[in-house]
Structure formats: C-alpha cells, structure tokens
Amino acid sequence: MKLSEKNKDFFQDVFDVARLIPEGKATSYGAIAKYLGAPRSSRMVGWAMNAAHTHTDIPAHRVVNRNGLLTGKMHFATPTLMEELLEKEGIKVKKDKIVDYKKIYWDPNIELAL
DNA sequence: CCATTGACTTAAG
DNA sequence: CCTTAAGCCAATG
C-alpha cells in the first residue's frame, strides 16, 4: 500500500503548501483551504499552522487572514515575531497589517495550478 | 456524545 | 473603526 496515499491529511497538505510559499510573499488561510478543496475550512488551516509551528519548520508568518492582517501574531513566540519575520523578508507591516498585500499575495490556486 | 473554542470569513449595525 | 452574529469544520475536554 502507498503511504503517500494514505497520509493525505489536511494538516499535511497545509504544511506542504506553507513550505512552498516563496520569501517576500504571503497567502491567506482561505486560499490554502480552497487549494486543498475545502474553501470553508479556513479555520482548519489556522489549526494546522498551530500544530505546524511546533512540529516542523513552517513559515507560518507568511500565512495571514484575507485582509493581510496578522491575526496569528499572538500565537508566535512573541506577539512581534511575526511582523519581524515578514519585514525581514521585505514585507512591510503597518499596524499588524501587510502593506500592499495584493502585491505580495501568493495564491496557491494560481501559482501551484496545473 | 455534547459543549466549547479557534491563527477564518462575511455580513450587519 | 469596532462589536456581534452566524456559518463553517476539526480538535479538545
């Protein structure tokens, strides 16, 4: 039997997509959820991220809500770590919100299409 | 099994 | 701009 076939957990898919996010880019929970075929499970993506940051080296700071707002910053080691990491990659953050979010927005449905 | 919660999203006031 | 509320699905107690 194929393990890769059986291990298709929602979390695992989220981890994979999150790792594929290029530096200086960011995406939304909904976009990832939709790419995984669950546009209504945006919350599960956030849940996966929570598990991800303790399990693997997932750039969770590149995943924000639809407004580009750093809603998950409070779950990082420090409430400012997320902004620091984003700015370090060239992403400007103003008042917990990504500047020019649409410009740095990375949609897996488009980038990973095909 | 039922109740609560949450790193979401949209809508309404 | 801020707060509520409802819809959504999975994890947790």
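Proteins come first, then strands; the chains are lettered A, B, ... in the order of their sequence lines, and each starts at number 1.
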Pairwise side-chain contact, A:Glu83 with A:Leu70, heavy-atom cut-off 4.5 Å (strictly under): yes
Taking the side chain as every heavy atom from C-beta outward, state whether A:Ile98 and A:Val64 have any atom pair closer than 4.5 Å. yes
Of A:Ser42 and A:Phe11, whose closest DNA chain C nucleotide lies nearer the 5' terminus? A:Ser42
Salt bridge (Lys or Arg N to Asp or Glu O under 4.0 Å) partners for A:Asp96, two or more places apart: A:Lys73
Write down the distance between CG (A:Leu69) and P (B:dT10), rounded to a whole number of angstrom. 13 Å
Using modelled atom types only, decide if a donor and an acceptor are shared between the side chain of A:Thr78 and the backbone of A:Leu81 within a distance under 3.5 Å. yes
Show which residues join A:Met74 in its hydrophobic cluster (side-chain heavy-atom contacts under 4.5 Å, direct or indirect), or state none. none
Walking DNA chain C from its 5' end, the first of A:Lys97 and A:Trp47 to be reached, judged by nearest nucleotide, is A:Lys97
Nucleic acid contacts - residues 49-65 of chain A versus DNA chain B, non-hydrogen atoms under 4.0 Å: A:Met49, A:Asn50, A:His53, A:Ala60, A:Asn65
For the residue pair A:Ser28 and A:Val63, establish whether any side-chain heavy-atom pair is separated by less than 4.5 Å. no
Rounded off to whole Å, could you give me the CZ-to-P distance for the A:Phe10 and C:dA11 pair? 10 Å
Within residues 26-41 of chain A, residues whose heavy atoms come under 4.0 Å of DNA chain C: A:Arg40, A:Ser41
Does some side-chain heavy atom of A:Tyr35 sit less than 4.5 Å from a side-chain heavy atom of A:Asp107? no
Whole angstrom is fine here: how far is it from CG in A:Asp9 over to P in C:dC9? 18 Å
Tell me which residues in residues 72-90 of chain A lie within less than 4.0 Å of DNA chain B, going by non-hydrogen atoms. A:Gly72, A:His75, A:Phe76
Does any part of the side chain of A:Val99, heavy atoms only, come nearer than 4.5 Å to the side chain of A:Val93, both counted from C-beta? no
Among pairs that include at least one residue of residues 52-107 of chain A, which meet ring pair (Phe, Tyr, Trp, His ring centres under 6.0 Å), considering only residues two or more places apart or in two chains? A:Tyr101-A:Tyr105
Distance check needed: C:dC8 C1' versus A:Arg66 CZ, whole Å only. 15 Å
Considering only heavy atoms from C-beta outward, does the side chain of A:Arg62 approach that of A:Thr27 to under 4.5 Å? no
Any non-hydrogen side-chain atom of A:Phe10 less than 4.5 Å from a side-chain atom of A:Trp47? no
CG of A:Asn67 versus P of B:dT9: gap in Å, rounded? 8 Å
Between A:Met44 (CE) and B:dT5 (P), how many Å, whole number? 15 Å
